[in-house]
Amino acid sequence: MKEYNDADRKTLEKNFRAKKILVCGIGPDEYNRISAYQSAKEIRENLQTAREGTTQVKQSKINMLTTEYELFRMKDDESIQDMHTRFTSIINELHSFGEVIPKNKLVRKILSVLPSS
């Protein structure tokens, strides 16, 4: 039987805390998917793959969001606030995938889609 030293205890404690943090932020479906994993690293990797997908899926999402950004227009029956919320959602998703658009480009894009009135 293995004896645990202070370093082992600290490692186990850190892993336990990390697992607890990860588990607190997920829903029951995700919990069922990751409950069998022993280490926080395994849990994080599984959640990351499930949320972001493979590299190919990630690139596909980036391409789709980039196209949405490029083709973005204000709808006829849409308020400026609703349009801005939609725009921000696209930008935030792109940002979550590591795609950052400079603020000056974002401002120009918003100004270009506003109605002349």
Side-chain angles (χ1 to χ4, degrees):
M1 188 159 102
K2 182 182 177 191
E3 293 283 327
Y4 288 107
N5 61 31
D6 285 342
D8 292 333
R9 282 188 202 64
K10 285 182 181 182
T11 300
L12 287 171
E13 187 176 317
K14 285 180 183 179
N15 186 60
F16 176 77
R17 285 183 182 168
K19 281 174 59 175
K20 189 174 177 182
I21 290 168
L22 289 167
V23 169
C24 285
I26 62 174
D29 292 337
E30 288 175 316
Y31 179 79
N32 290 335
R33 184 178 328 118
I34 57 96
S35 62
Y37 294 110
Q38 295 299 311
S39 74
K41 183 180 182 221
E42 290 174 317
I43 293 171
R44 185 188 60 78
E45 288 172 350
N46 184 275
L47 290 172
Q48 186 174 16
T49 300
R51 290 188 178 188
E52 292 180 9
T54 62
T55 305
Q56 187 176 10
V57 171
K58 184 178 176 181
Q59 190 57 51
S60 177
K61 288 179 182 178
I62 291 170
N63 291 342
M64 182 189 74
L65 289 165
T66 301
T67 300
E68 266 188 76
Y69 167 78
E70 291 169 352
L71 299 175
F72 187 84
R73 297 287 177 260
M74 184 172 178
K75 297 175 183 175
D76 291 337
D77 61 340
E78 188 172 42
S79 71
I80 290 176
Q81 181 62 45
D82 290 343
M83 183 260 322
H84 185 265
T85 300
R86 243 181 356 106
F87 185 75
T88 303
S89 177
I90 294 168
I91 299 311
N92 287 345
E93 273 196 81
L94 278 168
H95 191 337
S96 75
F97 286 110
E99 298 292 313
V100 180
I101 300 171
K103 283 195 188 266
N104 62 338
K105 279 188 163 187
L106 297 175
V107 170
R108 281 197 305 263
K109 182 67 173 178
I110 286 285
L111 292 174
S112 72
V113 300
L114 287 173
S116 58
S117 59

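Summarising the geometry of Y69 relative to I91, their closest heavy-atom pair is CD1-CD1, 3.6 Å, with the distance given to 0.1 Å. Of all the heavy atoms in M74 and V113, the pair that sits closest is CB-O, 3.5 Å. The minimum heavy-atom distance between I62 and L94, with the atom names listed, is O-CD2, 4.0 Å.
Side-chain contact check for R86 versus F72: some heavy-atom pair is nearer than 4.5 Å. Considering only heavy atoms from C-beta on, M83 comes within 4.5 Å of I80 through its side chain.
For R9, the salt bridge (charged side-chain N to carboxylate O under 4.0 Å, His left out) partners at least two apart in sequence or on another chain are D6. Scanning for side-chain hydrogen bond (donor to acceptor under 3.5 Å, both in side chains) contacts around S35 gives an empty result, with sequence neighbours left out.
Remark: side-chain polar atoms of D82 are not paired, donor with acceptor, to backbone N or O of K75 under 3.5 angstrom. Distance alone, capped at 3.5 Å, places no donor-acceptor pair between the S89 side chain and the T85 backbone.
Atom CD1 of residue I34 and atom CD1 of residue I26 lie 4.0 Å apart, to the nearest 0.5 angstrom. Distance CD/E99 to CG/L65: 9.5 Å, rounded to 0.5 Å. With rounding to the nearest 0.5 Å, the separation of CG in L111 from CG in L106 is 11.0 Å. A distance of 4.5 Å separates NZ in K109 from CZ in R73, rounded to the nearest 0.5 Å. Here the CD atom belonging to E30 is positioned 10.5 Å from the CG atom belonging to L22, to the nearest 0.5 angstrom. Note that CZ of R33 and CD1 of I43 are 12.0 Å apart. Values are rounded to the nearest 0.5 Å.
No path of Ile, Leu, Val, Met, Phe, Trp and Tyr side chains, each step under 4.5 Å between heavy atoms, connects F87 with L71, placing them in separate hydrophobic clusters. In terms of hydrophobic clustering, with Ile, Leu, Val, Met, Phe, Trp and Tyr side chains grouped at heavy-atom distances under 4.5 Å, V23 and Y37 are assigned to a common cluster.
Using modelled atom types and a 3.5 Å distance limit, the side chains of N46 and E42 yield no donor-acceptor pair.
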